[in-house]
Amino acid sequence: MKKLINLSLLCLLSSCSSLPELKTVEKIEIPKFMGSWYVIANIPTFVEKGAHNALETYTWNEKENRIDVDFSFNKDSLDGEKKNYPQKAFIHNTKTNAEWRIQFIWPLRFAYLIVDVAPDYSWTIIGVPDRDYVWIMARTPTLSQETYDMIVAKVKENHFDISKLQKIPHNPKP
């Protein structure tokens, strides 16, 4: 019984010190969000380490009622080996369209939250609930320093560890 009480107290104390729930934007217009997004910076997953020219492309799959995701990059240099990782995304919260579940490998699905997006859909911030990973993406391979700094401030406001944020090198847009 004592172990149960201690475990309960530990859970209660840890919940008091935890971060607030990661919020999404109020509404995403799926057709506007589709298309290509350059990964400008991220807290990388193991797959993304050494990524250059990282590009995430979303395509609505009407037949399957999901989003087909194509993630590609060059490994370790701007002209390194081309890597491509197809994925599937499912809209989890259909009220906002801002909470998805990404499937890299069946049957696992991971939360993917659209934390912020520019009014004109020119940039976005994607995060995961535990804040271990975040992506800053844009429709162009570069952002002005002022825009980038503003987005990083938003990432920080959402309690991500910006010291882990890495900029992704890109070839100039063709």
Side-chain angles (χ1 to χ4, degrees), residues 14-15 17-28 30 33-59 66-78 80-93 96-118 121-143 145 147-170:
S14 67
S15 68
S17 64
S18 65
L19 294 170
E21 179 185 348
L22 185 58
K23 302 286 186 195
T24 66
V25 294
E26 288 183 22
K27 185 73 175 169
I28 287 294
I30 293 297
F33 205 83
M34 296 298 97
S36 294
W37 292 91
Y38 293 87
V39 182
I40 303 298
N42 63 11
I43 298 176
T45 65
F46 72 94
V47 170
E48 298 167 299
K49 292 187 189 229
H52 290 61
N53 299 316
L55 186 68
E56 187 111 335
T57 303
Y58 304 116
T59 306
R66 69 169 192 236
I67 299 160
D68 291 332
V69 181
D70 181 48
F71 176 59
S72 64
F73 62 91
N74 295 94
K75 184 73 174 161
D76 296 326
S77 70
L78 291 172
E81 179 186 359
K82 185 80 166 182
K83 298 283 188 173
N84 184 276
Y85 294 94
Q87 303 156 57
K88 299 171 185 171
F90 304 88
I91 299 173
H92 185 72
N93 182 335
T96 66
N97 292 330
E99 183 178 349
W100 301 359
R101 294 294 182 264
I102 294 284
Q103 186 176 63
F104 302 102
I105 301 168
W106 182 86
L108 303 175
R109 292 184 184 184
F110 301 94
Y112 187 87
L113 307 177
I114 303 171
V115 177
D116 208 342
V117 66
Y121 287 63
S122 60
W123 59 261
T124 189
I125 300 169
I126 307 294
V128 298
D130 65 6
R131 295 173 173 84
D132 284 346
Y133 306 106
V134 68
W135 296 266
I136 295 172
M137 299 191 295
R139 297 296 189 171
T140 58
T142 60
L143 293 169
Q145 191 62 48
T147 301
Y148 179 77
D149 292 344
M150 178 269 302
I151 297 169
V152 169
K154 289 175 178 279
V155 169
K156 185 177 181 179
E157 286 170 16
N158 279 285
H159 306 284
F160 288 93
D161 182 354
I162 62 169
S163 71
K164 295 179 179 177
L165 203 57
Q166 298 180 10
K167 277 192 159 181
I168 305 298
H170 285 276

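Note that the structure is a prediction, hence the values are computed from the model and not measured. Every heavy atom of this structure was used, including side-chain atoms; hydrogens, water molecules and symmetry mates were not.
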Review point. Tell me the salt bridge (Lys or Arg N to Asp or Glu O under 4.0 Å) pairs involving residues 34-56, sequence neighbours left out?
Key: none
Review point. With sequence neighbours left out, which residue pairs that include part of residues 97-110 fulfil the side chain to side chain donor-acceptor pair (under 3.5 Å) condition?
Key: His92-Arg101, Glu99-Arg101
Check your understanding: Taking the side chain as C-beta and beyond, is there a heavy-atom pair between Thr96 and Val25 under 4.5 Å?
Key -> no
Point to revise | Side-chain donor or acceptor of His170 paired with backbone N/O of Val39 under 3.5 Å | key: yes
Review point. Do Trp37 and Arg139 touch side chain to side chain, with heavy atoms closer than 4.5 Å?
Key: yes
Practice item. For Lys75, look at atom NZ and say whether over 12 heavy atoms of other residues, nucleotides or ligands are found less than 6.0 Å away. Key: yes
Practice item. State, with a plain yes or no, whether a side-chain heavy atom of Tyr112 is found less than 4.5 Å away from one of Gln87. Key: no
**Study point:** With Ile162 via side-chain contact (heavy atoms from CB on, under 4.5 Å) - residues at least two apart
**Key:** Val152, Val155, Lys156
Practice item. Taking the side chain as every heavy atom from C-beta outward, state whether Thr24 and Asn93 have any atom pair closer than 4.5 Å. Key: no
Check your understanding: Taking C-beta and beyond as the side chain, do Val47 and Phe73 meet within less than 4.5 Å on heavy atoms?
Key -> yes
**Study point:** Heavy atoms of other groups near Ile105 CD1, more than 12 under 6.0 Å
**Key:** no
**Study point:** Any donor-acceptor pair under 3.5 Å from Asn42 side chain to Trp135 backbone
**Key:** no
Review point. Between Pro129 and Leu113, is any pair of side-chain heavy atoms under 4.5 Å apart?
Key: yes
Study note, to complete from the structure: Sorted by chain and number, sequence neighbours left out, ring-ring contact (aromatic ring centres under 6.0 Å, His included) with Phe104 holds for Phe110
Check your understanding: How would you list, by chain and number, every residue that makes a side-chain contact (heavy atoms from CB on, under 4.5 Å) with Asp132, sequence neighbours excluded?
Key -> Asp130
Check your understanding: Under 4.5 Å between any side-chain heavy atoms of Ile67 and Phe33, yes or no?
Key -> no
Study note, to complete from the structure: Rounded to the nearest 0.5 angstrom, the CD1-CG distance for Ile40 and Leu165 is 11.0 Å
Check your understanding: Who pairs with Ser122 by side-chain contact (heavy atoms from CB on, under 4.5 Å), at least two apart in sequence or on another chain?
Key -> Ala118, Asp120
